[in-house]
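First up is the structure itself, then whatever we jot down about it.
The first residue of the sequence shown is numbered 1, and numbering continues consecutively from there.
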Amino acid sequence: MPTVRHALSKPGSASHFDPFVKTGRRGAARLRLAIPARVVSLYSTQRCVLLDVSRTGAQIALKKPLDLGEGALLQVHTLDQFASAVRLGNGRNGLEFETPLSDELVIQMRWFGEQIEEREKRELREAVRAWVNGDH
């Protein structure tokens, strides 16, 4: 049985942190989102919702889930990342990226999600203002 070392331990150094050592189900902290995205697989292209993202993977909600092990391209904003479906359930897929994302790209995803939220609030305020003023 293989031995998995703790993420904070390294031979000769108790203070070293290795972000690529898996500790439990995921290898990195998640950034929770709810932003539109697209998944392109060998068999289909689907719109989906990016529920969360980390350096090592993502969780998406989509109408027709990918099969376990199926490869796909996740596309959202500046992200074009190849991944494999590693979990499946309730219209969701857990994806594991072929190569980890940079911290900068994860931060861009956060910024993009915040921009979408602000735009939706602004559009709602404009719609309410138009309704109050009798404009259609």
Side-chain angles (χ1 to χ4, degrees):
M1 180 171 193
T3 303
V4 176
R5 64 187 168 97
H6 190 275
L8 291 177
S9 66
K10 179 180 178 187
S13 172
S15 63
H16 178 76
F17 176 72
D18 184 351
F20 299 108
V21 173
K22 291 195 176 190
T23 56
R25 295 189 318 168
R26 63 188 54 83
R30 291 188 279 182
L31 171 62
R32 294 190 189 279
L33 302 165
I35 58 178
R38 185 166 69 166
V39 174
V40 181
S41 73
L42 187 60
Y43 306 105
S44 67
T45 298
Q46 300 183 62
R47 290 182 179 192
C48 65
V49 176
L50 178 60
L51 300 172
D52 63 54
V53 67
S54 73
R55 292 190 65 224
T56 58
Q59 183 176 190
I60 57 173
L62 63 169
K63 192 172 188 174
K64 184 178 180 252
L66 301 170
D67 292 328
L68 287 178
E70 184 176 353
L73 178 66
L74 176 62
Q75 298 178 318
V76 57
H77 187 51
T78 60
L79 177 69
D80 280 329
Q81 188 73 16
F82 287 101
S84 297
V86 293
R87 282 194 314 278
L88 168 63
N90 298 327
R92 296 180 180 196
N93 269 120
L95 302 177
E96 182 176 24
F97 296 141
E98 285 187 5
T99 57
L101 301 180
S102 67
D103 289 336
E104 294 79 23
L105 193 52
V106 174
I107 290 168
Q108 284 180 15
M109 290 294 99
R110 180 178 182 169
W111 176 85
F112 182 66
E114 290 171 352
Q115 297 303 312
I116 288 175
E117 186 177 328
E118 286 301 315
R119 186 176 65 227
E120 288 175 348
K121 286 179 184 177
R122 191 171 46 251
E123 289 172 357
L124 178 60
R125 280 193 299 268
E126 290 172 7
V128 169
R129 188 173 297 123
W131 181 80
V132 168
N133 292 333
D135 300 333
H136 297 293

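Here Phe112 pairs with His77 under the ring-ring contact (aromatic ring centres under 6.0 Å, His included) rule; sequence neighbours left out. The side chain to side chain contact (heavy atoms under 4.5 Å, CB included) test applied to Asp80 returns Leu73, Gln75, not counting sequence neighbours. For the side chain to side chain contact (heavy atoms under 4.5 Å, CB included) test, residues two or more places apart in sequence or in another chain that qualify with Ala58 are Leu50, Val53, Leu74, Phe97. Applying the side chain to side chain contact (heavy atoms under 4.5 Å, CB included) test to Lys63 and every residue at least two apart in sequence or in another chain returns Gln46. Annotation: side chain to side chain donor-acceptor pair (under 3.5 Å) contacts of Arg32 (sequence neighbours excluded): none. Shown here are the side chain to side chain contact (heavy atoms under 4.5 Å, CB included) partners of Val132, two or more places apart in sequence or in another chain: Val128.
Leu42 belongs to a hydrophobic cluster whose other members, connected by ILVMFWY side-chain contacts under 4.5 Å either directly or through intermediates, are Tyr43. Grouped by direct or indirect side-chain proximity (heavy atoms under 4.5 Å, Ile/Leu/Val/Met/Phe/Trp/Tyr only), Ile107 sits alone.
Closest non-hydrogen pair, Gly71 versus Ser41, comes out as O-CB, 3.8 Å. Residues Ala61 and Cys48 share a closest heavy-atom pair of O-CB, 3.1 Å.
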Subject >> Residue pair Leu79, Leu101: steps toward the side chain to side chain contact (heavy atoms under 4.5 Å, CB included) verdict >> reply: CA-CA 9 Å; Leu79 177 69; Leu101 301 180; 3.5 Å; yes
Original post:
Can Arg55 and Asp103 be said to form a side chain to side chain contact (heavy atoms under 4.5 Å, CB included), step by step?
Top reply: CA-CA 7 Å; Arg55 292 190 65 224; Asp103 289 336; 3.0 Å; yes
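Side-chain polar atoms of Glu96 and Ser84 form no donor-acceptor pair below 3.5 angstrom.
Applying the side-chain contact (heavy atoms from CB on, under 4.5 Å) test between Val76 and each of Ile35, Val39, Val49 identifies Ile35 as the sole match.
Hydrophobic clustering places Leu33 together with Leu105 (ILVMFWY residues linked when any side-chain heavy atoms are closer than 4.5 Å, directly or through intermediates). Under the 4.5 Å side-chain heavy-atom criterion for ILVMFWY residues, no single connected hydrophobic cluster contains both Leu51 and Ile116.
At least one side-chain heavy atom of Ile60 sits under 4.5 Å from a side-chain heavy atom of Leu95.
Sorted by first and then second residue, the salt bridge (Lys or Arg N to Asp or Glu O under 4.0 Å) pairs with a member in residues 104-116 read Arg110-Glu114; sequence neighbours excluded. The stretch residues 45-54 participates, sequence neighbours left out, in these salt bridge (Lys or Arg N to Asp or Glu O under 4.0 Å) pairs: Arg30-Asp52.
Within the 3.5 Å criterion, the main-chain N or O of Thr99 finds a donor-acceptor partner in the side chain of Gln81. Between the Glu126 side chain and the Glu123 main chain, no donor and acceptor come within less than 3.5 Å of each other. Not a single donor-acceptor pair under 3.5 Å links the side chain of Asn93 to the backbone N or O of Gln59.
Between Lys121 atom NZ and Glu118 atom CD the span is 5.0 Å, to the nearest 0.5 Å.
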